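Have a look at the structure below before the remarks.
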There are 2 protein chains.
Amino acid sequence: MILSTRGRYGLKMMLELALNYGKGAMPLKDIANKQSLSDTYLEQLISPLRKSGLVTSTRGAQGGYELAKEPSGIKVGEIIRILEGSLAPAECVLEGEPECSKADYCATRLLYEKITEGINNVIDSINLQDMVDDYHRLNNNTNIKRRNEDE
Amino acid sequence: MILSTRGRYGLKMMLELALNYGKGAMPLKDIANKQSLSDTYLEQLISPLRKSGLVTSTRGAQGGYELAKEPSGIKVGEIIRILEGSLAPAECVLEGEPECSKADYCATRLLYEKITEGINNVIDSINLQDMVDDYHRLNNNTNIKRRNEDE
DNA sequence: TTGAATTCCTACTAATAAACTAGGATTTCT
DNA sequence: AGAAATCCTAGTTTATTAGTAGGAATTCAA
Ligand code: FES
Ligand code: FES
């Protein structure tokens with residue numbers, strides 16, 4: 001499994017916030033309830049997202065979280081990298097330092113670089129708005145403006 | 001890190017066997033020494049590769065392992081899947097069963113499918129012969145036939 | 001025919017990482 | 001004042017990874 005719960009739950013959170021975009025702050029408890037996840041765990045995940053500037057928070061009663069910019073401006077790759085670290089297949093690709101002693105000889109490293117590139121091509125080409133659109137398509141919801149009023 | 005030591009060491013083993021292809025059986029200890037890895041650990045990794053038919057073994061003195069077919073016929077993806085299992089980002093992609101309760105609504109799943117596809121495109125398009133070629137290119141070795149005589 | 005080299009197999013252990021939980025301090029609205 | 005929320009640190013539990021240990025079975029070669 002490439003993604004741990006950090007990445008997977010984080011993506012669900014961000015999708016939920018994207019669906020709520022423009023409607024004010026959304027408390028974490030609501031997100032946790034909608035997705036049937038532990039809100040205390042989600043707390044830990046949203047913290048780095050806030051510190052990275054992807055979401056903003058409002059403290060106190062009637063507070064909550066919202067996206068810091070519009071969904072189309074947030075790439076899935078950003079979210080994943082913040083929560084999971086890089087998805088490189090081996091450390092040497094990550095840090096530029098060879099893992100094995102035979103630095104110059106290493107043909108596996110070339111492979112790792114290609115895998116990394118393949119993954120990044122996907123996750124950096126998809127943004128939250130794309131996922132929102134997918135969400136509506138999946139639910140046959142043609143009336144996009146009112147998409148969330150029945151939730 | 002996408003690949004654990006199982007996949008990474010396994011790839012190195014298989015590359016070593018590919019470099020040795022056509023020269024008879026190679027004892028695991030030699031592979032371990034060349035790559036500075038624990039031979040008892042590698043034992044565990046080569047077992048499933050043999051059971052999957054990618055390598056053949058010869059027991060007893062002067063025995064060892066060799067590729068069951070030519071390097072160009074063994075895709076990197078096969079090796080990785082045998083040693084790591086599928087590289088899917090989430091279980092639902094793997095088993096076809098939804099992870100979350102909101103099966104139909106799930107937009108993250110579409111993302112996971114695209115990531116999976118991106119990875120498979122890479123690892124199934126590269127075979128061991130490609131890695132052997134890379135290896136020789138990296139080492140500026142124009143005399144390919146004699147590549148291993150100095151090791 | 002004996003001994004060394006090797007694969008093969010199962011089970012165990014140690015270390016690390018993942019997945020949460022707990023508790024409380026702080027902020028803000030009503 | 002009190003409720004609703006974020007924020008922060010530190011635990012705990014569980015699962016996975018990475019590796020060891022020990023020995024049985026096989027085969028070559030002297
Ligand atoms: S440099 Fe990364 S495995 Fe060799
Ligand atoms: S179906 Fe896989 S996360 Fe929803």
Side-chain angles (χ1 to χ4, degrees), chain A residues 1-13 17 20 24-33 35-68 80 83-87 89-91 94 99, chain B residues 1-13 17 20 24-33 35-68 80 83-87 89-91 99-100:
Chain A
M1 219 61 49
I2 285 179
L3 294 178
S4 69
T5 54
R6 288 179 65 88
R8 303 206 304 278
Y9 294 0
L11 283 168
K12 286 184 175 185
M13 264 199 299
L17 288 177
N20 196 60
M26 189 180 193
L28 198 58
K29 224 166 233 172
D30 289 5
I31 301 178
N33 287 343
Q35 299 281 350
S36 308
L37 300 173
S38 149
D39 56 319
T40 58
Y41 187 39
L42 290 189
E43 241 186 88
Q44 290 188 13
L45 307 189
I46 207 162
S47 170
L49 293 171
R50 180 181 55 82
K51 283 172 182 161
S52 304
L54 259 46
V55 307
T56 58
S57 63
T58 316
R59 301 184 72 171
Q62 273 65 49
Y65 296 93
E66 52 195 315
L67 295 187
I80 292 177
L83 291 172
E84 299 273 359
S86 169
L87 289 189
E91 277 169 19
L94 194 55
E99 160 185 291
Chain B
M1 221 61 47
I2 286 178
L3 295 178
S4 68
T5 54
R6 287 179 66 88
R8 303 206 305 277
Y9 294 180
L11 283 168
K12 286 185 175 184
M13 266 200 298
L17 288 177
N20 195 60
M26 189 180 194
L28 198 57
K29 223 165 234 172
D30 290 5
I31 301 178
N33 288 343
Q35 299 281 350
S36 309
L37 300 172
S38 150
D39 56 318
T40 59
Y41 187 38
L42 290 189
E43 243 186 85
Q44 291 189 14
L45 307 189
I46 208 161
S47 170
L49 293 171
R50 179 180 56 83
K51 284 172 181 161
S52 304
L54 260 47
V55 308
T56 58
S57 62
T58 316
R59 300 184 72 172
Q62 273 65 48
Y65 296 93
E66 53 196 315
L67 294 187
I80 291 177
L83 291 172
E84 299 273 358
S86 168
L87 289 189
E91 277 168 19
E99 159 185 291
C100 59

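The structure presented is a predicted model; accordingly, all values stated were derived computationally and were not measured. Side chains included, hydrogens not; waters and symmetry mates left out as well; all remaining heavy atoms used. Just so it is clear: chains get the letters A, B, ... in the order the sequence lines come, proteins before strands, and each one is counted from 1.
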- [ ] Would you please confirm or rule out a distance under 4.0 Å between OP1 or OP2 of D/dT17 and any side-chain N or O of B/Thr5?
- [x] no
Task: Residue pair A/Leu28 / A/Leu42: nearest heavy atoms and the distance that separates them - done: CD2-C, 3.9 Å
Task: Nucleotide D/dG19, atom P - distance to CD of B/Gln35 in whole Å - done: 14 Å
- [ ] Let me know the distance between NZ of B/Lys29 and P of C/dT7, rounded to the nearest Å.
- [x] 8 Å
Open item on the list: Set out, in order, the CA-CA distance, both residues' side-chain angles and the distance that settles side chain to side chain contact (heavy atoms under 4.5 Å, CB included) for A/Met13 and A/Leu37, then state yes or no.
Closed with: CA-CA 10 Å; A/Met13 264 199 299; A/Leu37 300 173; 5.9 Å; no
Open item on the list: At less than 4.0 Å, is any side-chain N or O atom of B/Ser38 found next to OP1 or OP2 of D/dA18? Yes or no.
Closed with: no
Task: Check: B/Asn20 side chain, B/Gly24 main-chain N or O, donor-acceptor pair, under 3.5 Å - done: yes
Task: Heavy-atom pair of closest approach, residues A/Leu94 and A/Ser86 - done: CD1-CB, 3.0 Å
Task: CG on A/Leu45 to OG1 on A/Thr5, rounded to 0.5 Å - done: 7.0 Å
Give every donor-acceptor pair under 3.5 Å between a side-chain atom in residues 50-65 of chain B and any protein atom, sequence neighbours left out.
| unit_1 | atom_1 | unit_2 | atom_2 | d |
| --- | --- | --- | --- | --- |
| B/Ser52 | OG | B/Pro48 | O | 2.8 |

Task: Whole angstrom value for the distance that separates C1' of D/dT17 from CD of A/Glu91 - done: 14 Å
- [ ] Look at the side-chain N and O atoms of B/Tyr9 and state whether any lies under 4.0 Å from the OP1 or OP2 oxygen of D/dT17.
- [x] no
Task: Distance test, side-chain N/O of B/Arg50 to OP1/OP2 of C/dC9, below 4.0 Å - done: yes
Open item on the list: Output the rounded distance in Å from CG (A/Leu45) to C1' (C/dA18).
Closed with: 11 Å
Open item on the list: Is B/Thr40 close enough to D/dT20 that one of its side-chain N or O atoms is under 4.0 Å from OP1 or OP2 there?
Closed with: yes
TODO: Output yes when at least one side-chain N/O atom of B/Ser47 is less than 4.0 Å from OP1 or OP2 of C/dT7, else no.
DONE: no
- [ ] Report yes if at least one side-chain N or O of A/Thr58 is closer than 4.0 Å to OP1 or OP2 of C/dT27; otherwise report no.
- [x] no
Open item on the list: From C-beta outward on B/Tyr65, which listed nucleotide comes closest to its side chain: C/dT7, C/dC20, D/dC7?
Closed with: C/dT7
Open item on the list: For A/Tyr41 and B/Gly64, find the nucleotide of DNA chain C closest to each by heavy atoms; which residue's nucleotide sits nearer the 5' end?
Closed with: B/Gly64
Task: Distance (rounded to the nearest 0.5 Å) between A/Lys29 NZ and A/Thr40 OG1 - done: 10.0 Å
Task: Length of the CG-C1' vector between B/Leu3 and C/dA17, whole Å - done: 17 Å
Task: A/Gln44 CD to D/dA10 C1', straight-line distance once rounded to whole Å - done: 10 Å
Open item on the list: What is the distance, to the nearest angstrom, from the CD atom on A/Glu43 to the C1' atom on C/dA25?
Closed with: 12 Å
Pairwise N/O distances under 3.5 Å, protein to nucleotides 3-5 of chain C:
| unit_1 | atom_1 | unit_2 | atom_2 | d |
| --- | --- | --- | --- | --- |
| C/dA5 | N3 | B/Ala61 | N | 3.2 |

Open item on the list: If I take atom CG in residue B/Leu28 and atom C1' in nucleotide D/dT27, what distance separates them, rounded to the nearest angstrom?
Closed with: 17 Å
